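One structure below.
Scope of the values below: all heavy atoms of this structure, side chains included, with no hydrogens, waters or symmetry mates. Just so we're clear, the structure is a prediction, and the values are computed from it rather than from any experiment.
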Amino acid sequence: MEETHALFETRRQKMLALREKGVAPYGQRFEATGSIAEVRGRFADGRCERIAGRITAHRDMGKSHFLDLTDSTGRLQIFVHAKEVGPDAYAIFQLLDIGDFLGVEGEAFTTKTGELTLRVKELTVLSKALRPMPDKWHGLADVELRYRQRYLDLLANPESKTVFKQRIAIIREIRHFLEDRGFLEVETPMMQPVAGGAAAEPFKTHHNALNMDLYLRIAPELYLKRLLVGGFDRVFELNRSFRNEGVSRRHNPEFTMLEAYWAYADFEQMADMVEEMVTTIAEKVIGTLQVEHKDAEGKVVRTINLARPWRRAPYKDLVEEAVPGWFSLTPEGRRDKCRELKIEISAEMADFEVTQHVFEKLVEEKTFDPCFVTHCPQELVPLAKPNPADPSVVDVYELVMNGQEISPGYSELNDPIVQRRRLEEQAGEEKQKIDEDFLTALEHGMPPAGGIGIGLDRLTMMLTGAESIRDVILFPHMKGRG
RNA sequence: GGGUUGGUAGCUCAAUGGUAGAGCAGCGCCCUUUUAAGGCGUUGGUUGUGGGUUCGAGUCCCACCCAACCCA
């Protein structure tokens with residue numbers, strides 16, 4: 001797209017022509033009498049108003065021109081006629097295009113077709129657009145352009161804008177919900193000397209002045225727990241974490257996570273809270289507990305029922321439901337069963353991994369209504385507290401919905417000796433991966449606590465019906481153009 | 001990483017191996033109440049990039065780039 005392109009050049013010439021007429025093509029502040037929605041709301045024939053917005057349509061009738069002016073609150077038709085604005089302003093008007101920003105002053109009237117309109121008396125050029133807008137009727141369909149040039153997607157596709165407004169509302173309501181319950185929002189380091197709190201590959205960076213390597217956090221967990229040690233009983237953080245792994249429909253290298261910790265609570269109270277939080281938000285933001293997911297043609301492909309109470313079931317029961325008799329089989333019998341069910345497994349997999357694979361394929365991917373999976377095997381969640389009655393399982397829930405894992409919740413491990421042993425086992429030879437400062441904090445005493453993590457991007461996908469994480473992240477990660 | 005599909009004008013899309021087209025946008029003209037305004041005319045292309053086959057390639061073959069989907 002060279003800048004000598006004819007469409008670009010035509011608009012650039014118009015911009016220069018404006019300058020020659022003494023009109024600044026990139027204007028100053030403009031005092032409107034109200035937003036377009038406000039002006040619409042108090043519309044009365046004969047009333048004088050000043051509005052500003054982008055020109056989004058132009059219907060040229062010869063001497064009469066009807067244009068749409070659009071701001072973030074809505075659209076209003078304006079009427080431009082040489083007799084109303086005078087010859088000088090009309091000459092300026094003829095240098096304007098769809099996409100330009102314009103301020104106008106005019107008198108309200110209603111056309112014979114009933115359209116609310118401003119009869120323009122005075123116009124102020126606010127900004128000249130040098131590149132054309134996307135197709136007004138078809139919008140911007142090219143998914144690659146929609147992601148790479150999100151501003152065009154937002155301008156051309158109203159449904160895309162709606163999803164992002166819903167995302168903003170979801171995040172706002174989560175904050176309200178937690179603050180109402182006495183949780184304090186905190187900020188902890190995104191650059192950490194040791195990337196802890198999850199098993200994931202971190203991004204590495206370097207601090208020049210201190211000559212030290214740092215990692216972008218893969219989770220805020222270990223710092224939030226330090227705050228429990230420090231006497232903050234209810235804390236949460238709602239912000240970005242980073243994982244240096246693949247990009248897919250469900251993964252973006254930077255993603256938004258909510259983590260919350262509640263002293264003296266356990267995983268079941270956390271499950272209660274998550275259930276209440278998600279249903280409250282769904283009702284406030286989406287307006288329903290029956291969330292519809294549609295295909296490209298607009299046909300409903302599934303409906304997620306968020307009505308309470310949400311199902312809670314032990315991991316083993318769910319696997320048995322999917323494959324009756326699974327836990328009576330020998331390890332070899334389970335592998336045979338997988339072949340029979342056409343579930344791919346590899347020879348190196350441990351037995352618990354084979355079961356987990358069956359869980360993912362036959363339970364997780366087929367569970368659309370929310371379900372708290374409890375009593376997960378200890379091997380799957382090495383950092384969690386063992387269940388007092390059955391040490392082979394841990395006091396953890398995994399919330400599954402929309403075919404994905406959305407949120408884990410723990411009764412947090414607060415025994416510093418056991419925590420050290422677990423971290424050492426996890427780190428193996430790589431002792432530098434152990435956050436000693438965190439272990440020191442635990443040794444000073446951390447109250448028993450419940451904790452949760454929720455992937456905000458996936459939660460937003462579930463609530464808005466988006467099928468790709470790129471549809472809920474304004475500027476998703478993309479490869480450089482070749 | 002593997003497979004499938006796709007990339008053509010600013011945008012949305014066509015085009016049996018045989019002259020690269022339409023709608024919108026743009027440009028010019030007509031029109032004083034339009035709603036995707038309308039009418040007449042018109043500009044605009046290294047068909048993702050680089051090779052190859054062929055008398056002739058958007059189309060067939062190879063490599064690469066980017067994207068979507070599926071799989072790992």
Side-chain angles (χ1 to χ4, degrees), chain A residues 1-15 17 45 54-70 74-85 90 93-100 106-120 128-158 245-252 295-296 301 338 342-349 353 357 360-361 365 403 466-471 476-482:
Chain A
M1 209 187 288
E2 301 98 69
E3 300 197 344
T4 50
H5 191 278
L7 295 177
F8 187 98
E9 188 53 28
T10 304
R11 283 174 177 246
R12 201 177 69 89
Q13 290 302 331
K14 289 178 179 174
M15 182 270 288
D45 281 2
R54 196 192 275 271
I55 299 171
T56 49
H58 180 194
R59 293 174 287 280
D60 179 357
M61 305 289 298
K63 293 195 177 64
S64 292
H65 301 263
F66 293 91
L67 295 88
D68 289 342
L69 227 51
T70 303
R75 175 197 70 86
L76 188 65
Q77 177 167 271
I78 62 171
F79 173 76
V80 177
H81 191 284
K83 227 164 55 187
E84 303 283 349
V85 295
Y90 191 72
F93 168 75
Q94 286 176 309
L95 295 170
L96 298 180
D97 288 295
I98 289 173
D100 294 351
E107 186 188 290
F109 78 105
T110 307
T111 65
K112 66 183 180 192
T113 53
E115 182 83 15
L116 304 184
T117 306
L118 281 190
R119 179 182 284 110
V120 174
K128 183 75 196 160
L130 297 180
R131 294 184 191 271
M133 299 273 282
D135 191 289
K136 64 179 174 185
W137 185 243
H138 297 96
L140 191 66
D142 184 326
V143 289
E144 189 172 349
L145 282 184
R146 288 184 48 221
Y147 297 151
R148 288 190 193 275
Q149 293 181 275
R150 180 69 83 186
Y151 46 93
L152 295 180
D153 178 41
L154 294 170
L155 287 171
N157 302 322
E245 291 169 358
V247 172
S248 80
R249 203 163 59 86
R250 295 175 182 186
H251 298 87
N252 197 62
D295 63 14
V301 288
C338 281
K342 296 200 161 56
I343 292 171
E344 286 180 39
I345 49 162
S346 63
E348 312 87 69
M349 280 183 173
E353 288 175 310
H357 211 61
E360 284 170 8
K361 292 288 162 195
E365 288 183 13
E467 303 300 341
S468 168
I469 198 168
R470 289 181 163 181
D471 293 324
H477 179 76
M478 300 288 279
K479 243 180 168 176
R481 277 193 245 217

Practice prompt. For the residue pair A/Phe93 and A/His58, categorise the inter-ring angle as parallel (less than 30°), tilted (30 to 60°) or perpendicular (more than 60°).
Written response: perpendicular

Item to complete: Measure from CG on A/Leu76 to P on B/U35 and round the result to the nearest Å.
Response: 17 Å

Item to complete: Would you indicate whether the side-chain heavy atoms of A/His65 and A/Tyr90 approach each other to under 4.5 Å?
Response: yes

Worksheet item: If only atom types and distance count, is the side chain of A/Asp153 paired as donor or acceptor with the main-chain N or O of A/Tyr147 below 3.5 Å?
Response: no

Item to complete: Could you check which of B/U32, B/C69, B/A67 has an atom nearest any side-chain atom of A/Arg249?
Response: B/C69

Worksheet, complete the sentence: Nearest heavy-atom approach of A/Glu115 to A/Thr117 is O-OG1, 2.9 Å

Worksheet item: Base, sugar-phosphate, or nothing: which does A/Arg119 touch, judged by heavy atoms less than 4.0 Å apart?
Response: base

Discussion item. Considering every strand and a 4.0 Å limit on heavy-atom distances, what is the contact class for A/Phe79: base, sugar-phosphate, or nothing?
Written reply: nothing

Worksheet entry | Under 4.0 angstrom between A/Lys14 side-chain N/O and B/C27 OP1 or OP2 | yes

Item to complete: Scan A/Leu140 against the nucleic acid and name what it touches under 4.0 Å (heavy atoms): base, sugar-phosphate only, or nothing.
Response: sugar-phosphate

Worksheet entry | For B/A15, the Watson-Crick or wobble partner whose two distances fall under 3.5 Å | none

Contacts under 3.5 Å, N or O only, protein and nucleotides 20-25 of chain B:
| unit_1 | atom_1 | unit_2 | atom_2 | d |
| --- | --- | --- | --- | --- |
| B/G23 | N2 | A/Asp135 | OD2 | 3.0 |
| B/A25 | OP1 | A/Lys136 | NZ | 3.3 |

Worksheet item: Can you tell me if A/Lys128 uses its side chain to pair, donor with acceptor, with the backbone of A/Leu95 under 3.5 Å?
Response: yes

Fill in: Interatomic distance, A/Arg250 CZ vs B/A72 P [rounded to whole Å]
12 Å

Worksheet item: If you take atom types as modelled and just measure distance, does the side chain of A/Ser64 reach the base of B/U33 with a donor-acceptor pair under 3.5 Å?
Response: no

Worksheet entry | CG-CZ distance between A/Leu67 and A/Arg54, expressed to the nearest 0.5 angstrom | 14.0 Å

Fill in: Between C1' of B/U34 and CG of A/Leu116, the distance in whole Å
15 Å

Worksheet item: Which nucleotide, in any strand shown, forms a Watson-Crick or G-U wobble pair with B/G28, with both distances under 3.5 Å?
Response: B/C40

Worksheet item: Counting any heavy atom closer than 4.0 Å, what does A/Asp142 reach on the DNA or RNA strands: base, sugar-phosphate only, or nothing?
Response: sugar-phosphate

Worksheet item: Are OP1 or OP2 of B/U34 and a side-chain N or O of A/Arg59 less than 4.0 angstrom apart?
Response: no

Discussion item. With a cut-off of less than 4.0 Å, is there a side-chain N or O of A/His5 near OP1 or OP2 of B/G10?
Written reply: yes

Practice prompt. Whole angstrom is fine here: how far is it from CG in A/Asp100 over to C1' in B/G26?
Written response: 13 Å

Worksheet entry | Short side-chain N/O contact to B/A72 OP1/OP2 from A/Lys361, under 4.0 Å | yes

Item to complete: Would you kindly check whether a donor in the side chain of A/Gln77 faces an acceptor in the base of B/U34, or vice versa, at under 3.5 angstrom?
Response: yes

